[in-house]
Structures are given as structure tokens and as C-alpha cells.
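First up is the structure itself, then whatever we jot down about it.
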Protein chains: 2
Amino acid sequence: MNIGQAARTSGVSAKMIRHYESIGLVPPADRRDSGYRDYGVADLHRLGFIRHARDLGFSLDRIRVLLDLWSDPGRSNADVKAIAEAHVRELEERARQLNEMADALRSLADACDGDGRPDCPIIASLETGAEAPACHRNPDPMAPESPARRGKTRTKR
Amino acid sequence: MNIGQAARTSGVSAKMIRHYESIGLVPPADRRDSGYRDYGVADLHRLGFIRHARDLGFSLDRIRVLLDLWSDPGRSNADVKAIAEAHVRELEERARQLNEMADALRSLADACDGDGRPDCPIIASLETGAEAPACHRNPDPMAPESPARRGKTRTKR
DNA sequence: GTTGACCTTACCATGATGGGAAGGTTCATA
DNA sequence: TATGAACCTTCCCATCATGGTAAGGTCAAC
């Protein structure tokens with residue numbers, strides 16, 4: 001099967017299949033006389049594995065390790081679980097940071113009238129680095145919880 | 001003031017200050033006879049603005065727009081607010097996707113015994129693309145709500 | 001006048017992916 | 001049989017924000 005069909009079947013673009021081959025994530029594909037790559041079911045299986053791991057946000061480096069474990073009949077599921085849990089923690093940490101930024105910016109946006117005048121607490125905060133002053137924040141009428149949740153935690157990046 | 005001092009004062013690395021100059025995010029710095037860049041308070045102010053916007057996750061392209069609005073005395077805070085709100089939505093969407101991945105992987109990891117044997121629902125799921133089967137998931141003893149929560153971003157936040 | 005800390009430009013690398021050019025192959029159809 | 005569309009090949013470049021390094025110039029203190 002051609003690389004295009006393999007791409008459509010596996011959900012991995014032809015561009016990426018070639019890339020994965022170039023970095024050794026998949027073995028060099030068989031070639032026909034024409035030089036075209038030729039894929040079989042085992043190749044599709046491996047590409048599918050990579051695809052699913054990418055869908056879960058694993059980096060290609062970690063996928064390399066997962067592929068090794070996959071092909072190791074004597075693997076320990078404790079190793080797999082440890083990798084997965086480390087990745088879960090990273091995903092949650094990144095999500096937490098994004099939510100922190102979103103919350104901070106939401107506070108600023110809520111404090112901005114948006115009435116067409118130049119005055120703007122968002123711009124003011126970017127100038128000074130100060131967060132939205134509580135006394136100017138429009139209270140959220142839908143707030144289901146205690147509003148005392150924004151700490152300081154300025155991520156250093 | 002030298003670029004190093006400007007970097008320490010503004011929290012933007014010297015490397016990045018030069019980069020911002022090269023892409024036109026900050027105007028070309030004054031130069032001394034030696035060729036050294038020379039920064040004043042206005043420059044530090046601008047760098048601080050950029051730094052704070054980066055801390056909120058804005059891309060350099062959007063920061064460019066924010067800087068234009070900042071320096072426009074006739075700006076409309078509605079424009080600023082619109083940009084901020086669009087960015088908040090993007091941040092939240094990205095966080096949601098990360099949490100979705102984390103939740104899916106957490107389910108798989110919870111279903112994995114981690115007892116050292118090769119059997120592993122995580123590997124199995126990567127092979128087939130199937131999610132963790134409910135009948136194998138270890139129930140969460142702390143679950144405060146109905147167990148039908150998959151697919152929604154419901155981590156603590 | 002030497003030394004060490006600073007500055008300059010220029011190039012390369014990251015990670016995962018896409019775009020495109022220049023040229024060869026396959027296959028159905030006119 | 002010829003042609004054209006759709007495919008394939010390799011190679012290079014771009015993204016985005018940031019860091020590293022190298023080769024060389026400047027400054028200030030001792």
C-alpha cells in the first residue's frame with residue numbers, strides 16, 4: 001500500500017510518516033522498484049499506535065519509549081503506568097497554568113467597561129503588571145463559589 | 001543603560017530584547033559610539049508591557065496589536081476587551097483539551113494494575129484506540145458525583 | 001596593560017507539523 | 001499509444017518563542 005493510503009488509513013499524514021521514518025520512530029519502509037514506499041498491516045498497526053499516543057499528547061520521545069515497551073513481551077506494566085502518570089501530571093500542570101492565565105485575564109476583562117472610551121484596566125495592568133483591582137471588578141452574577149480564589153502566583157515562565 | 005541591565009530590570013532576556021527589535025516589536029534602540037545599545041525608561045516601560053502580556057500568554061503578534069492600542073490615545077477599550085476575551089477563550093480551549101487528554105489517560109492508568117506483569121490497558125488502548133473500558137476502571141473512592149463524567153473538563157481548577 | 005564582564009552579529013537548535021518546488025511513476029482513458 | 005491527473009520521491013523552508021554558542025569588540029577596575 002502507498003504512503004497516501006497508509007496515511008488515510010492510519011490517520012497520520014504522509015508528511016509525518018516520512019518524518020517518523022527519518023527520525024527512526026518507524027523502521028524504513030519497504031520500497032518498490034519505483035522507489036515508492038510500501039506499507040503492510042504491521043506498519044499500519046505501528047502508525048496507529050503512534051497516532052493514538054499523539055492524541056493523548058505524548059511527545060515523540062516518549063512515544064519512542066512506549067513503542068519499545070509495546071514490542072517487549074517481558075515489559076512491566078508498572079513502567080508503562082509510571083510514564084502515563086508522569087504525563088498526566090504534566091498535562092494537568094500545563095492546563096493549570098493556562099487556566100491561571102485565563103482567570104487573571106478574565107478578571108481584567110471583566111473590569112473593563114468596553115464602552116468605547118480609552119480607559120482600560122487591561123492596558124493599565126499590562127503597563128504596571130498589577131492585577132485587576134478587586135474594587136473595580138464587576139462581580140460575576142453567575143459565580144457558584146466563593147470569589148476569593150485568585151491568589152498572587154505570577155508564573156515566572 | 002546597557003542591554004544586560006535593561007534585561008534584568010524588565011525581566012526580558014537580552015536575547016529576546018534583540019529579537020523583539022529585529023521583528024519590529026520594539027523600535028531600534030539608541031546606540032552609543034561603541035555600538036552598544038542604550039536603553040531609557042520609555043524602553044523599559046515598553047519591555048515591561050511586553051513581558052506582562054507574555055505572562056498572560058499573548059502571542060507576539062497580538063502583543064503588537066496591544067502595543068498599538070496602548071500608544072493610541074484615541075483607542076477604544078472595546079477593542080482591547082475584544083482581544084482579551086478572544087484570548088481568554090483560546091486559553092480555556094487549550095486548557096480544556098489538555099484536561100481532556102489527562103482525564104482519558106488517567107482512566108487508562110487507573111485501570112492498570114502496575115503489578116509488574118506485561119498486561120496493560122494503557123498499551124492495549126494505544127494499540128486499538130479504544131478508551132478504558134468502564135468495567136475495568138478502578139472506581140474512584142473520592143468521586144463526588146455521578147461516574148458518567150468522561151468527556152467533560154472537570155478537574156478541580 | 002591585563003583581566004573579566006560585558007557587548008556585537010551570525011548561525012544553529014528546539015518540536016511537530018505543514019508548504020512547496022522539481023522531477024519521477026502509475027493508471028485510466030481519449 | 002499518448003496524455004493527463006493523481007500520486008510518489010527528495011530537498012529546502014517556515015512556523016513560534018527561546019536558548020546556545022562562537023568569534024570578536026568594548027569597558028572598567030586593578
Side-chain angles (χ1 to χ4, degrees), chain A residues 1-26 28-40 43 46-47 49-67 87 90-91 94 97-98 101 155-157, chain B residues 1-26 28-40 43 46-67 87 90-91 94 97-98 101:
Chain A
M1 148 182 324
N2 280 346
I3 197 173
Q5 285 173 281
R8 279 185 293 274
T9 307
S10 67
V12 178
S13 74
K15 209 84 185 178
M16 280 303 100
I17 295 177
R18 293 194 197 96
H19 179 57
Y20 294 163
E21 182 180 315
S22 81
I23 64 173
L25 201 63
V26 300
D30 286 346
R31 299 285 183 144
R32 300 195 213 183
D33 291 347
S34 62
Y36 281 23
R37 288 177 181 80
D38 195 9
Y39 295 90
D43 303 305
R46 190 172 181 94
L47 288 171
F49 186 101
I50 295 173
R51 164 83 205 282
H52 298 136
R54 289 293 300 135
D55 285 348
L56 288 172
F58 283 103
S59 71
L60 297 187
D61 262 358
R62 276 223 238 243
I63 292 175
R64 202 183 295 271
V65 178
L66 290 171
L67 284 167
H87 187 55
E90 286 177 18
L91 291 170
R94 280 158 54 196
Q97 287 177 2
L98 291 176
M101 293 190 234
T155 44
K156 150 216 102 126
R157 338 183 30 265
Chain B
M1 158 185 312
N2 280 346
I3 197 173
Q5 284 174 284
R8 280 185 293 274
T9 307
S10 68
V12 178
S13 75
K15 207 81 187 182
M16 279 303 101
I17 296 176
R18 293 193 195 97
H19 179 57
Y20 293 165
E21 181 180 317
S22 82
I23 63 172
L25 202 61
V26 300
D30 287 347
R31 298 286 184 142
R32 299 194 214 191
D33 291 348
S34 62
Y36 282 21
R37 288 176 180 78
D38 195 10
Y39 295 90
D43 302 305
R46 192 174 180 93
L47 288 171
F49 186 101
I50 295 173
R51 164 82 204 281
H52 298 136
R54 290 294 299 132
D55 285 349
L56 288 172
F58 284 103
S59 72
L60 296 186
D61 261 0
R62 280 227 236 240
I63 292 176
R64 204 184 292 270
V65 179
L66 290 172
L67 283 166
H87 187 55
E90 287 177 16
L91 290 170
R94 280 158 54 197
Q97 288 176 3
L98 291 176
M101 292 191 238

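All values below were derived from every heavy atom in this structure, side-chain atoms included, with hydrogens, water molecules and symmetry-related copies excluded. Here is the naming used below: chain letters follow the sequence lines, and residue numbers restart at 1 for every chain.
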Given the options A/R37, A/R8, A/R32, A/N2 meets side chain to side chain donor-acceptor pair (under 3.5 Å) only with A/R32
Separation of atom CD in A/E21 from atom C1' in D/dT10, rounded to whole Å: 12 Å
Under 4.0 Å from OP1 or OP2 of C/dT26: is there any side-chain N or O of A/S34 that close? yes
Rounded to the Å, how far apart are A/L60 CG and C/dG15 P? 9 Å
If we check side chain to side chain contact (heavy atoms under 4.5 Å, CB included) with A/Y39, which of these qualifies: A/T9, A/I17, A/V26? A/I17
Quick one: which of D/dT18, C/dT25, D/dT26 gets closest to the side chain of A/Y36? C/dT25
Verify, without hydrogens or angle tests, whether A/D38 (side chain) and A/R31 (backbone) share a donor-acceptor contact under 3.5 angstrom. no
Rounded to whole Å, please give me the gap between CZ in B/R51 and C1' in D/dA17. 14 Å
Go nucleotide by nucleotide along DNA chain C from the 5' end; which of A/S13 and B/R31 gets its closest nucleotide reached first? B/R31
Whole Å only: how far is the CD1 atom of A/I3 from the C1' atom of C/dT26? 16 Å
Under 4.0 Å between any heavy atoms, over every strand shown, what does A/R54 touch: base, sugar-phosphate, or nothing? Just pick one. sugar-phosphate
Rounded to whole Å, OH of A/Y39 lies from C1' of D/dT9 at a distance of 12 Å
Measure the distance from CE on A/M16 to P on D/dT15 and round it to the nearest whole Å. 17 Å
Which pair of heavy atoms, one from B/S13 and one from B/A7, lies closest together, and at what distance? C-CB, 3.9 Å
With a non-hydrogen cut-off below 4.0 angstrom, is B/R37 in contact with a base, only sugar-phosphate, or nothing? sugar-phosphate
Sugar-phosphate only, base, or nothing, as touched by A/N2 at under 4.0 Å among non-hydrogen atoms: sugar-phosphate
If you pin B/S59 and B/K15 to their nearest nucleotides in DNA chain D, which one's is more 5'? B/S59
Quick one: is A/R18 getting a side-chain N or O under 4.0 Å of the D/dT9 phosphate, OP1 or OP2? yes
Counting the atoms with a prime plus P, OP1 and OP2 as sugar-phosphate, which does B/Y20 contact under 4.0 Å by heavy atoms, base, sugar-phosphate, or nothing? sugar-phosphate
What is the separation between atom CD1 on A/I17 and atom C1' on C/dT17, rounded to the nearest whole Å? 14 Å
What integer distance in Å separates A/D61:CG from C/dT17:P? 13 Å
I'd like to know if the side chain of A/H19 and the backbone of A/K15 have a donor-acceptor N/O pair within less than 3.5 Å. no
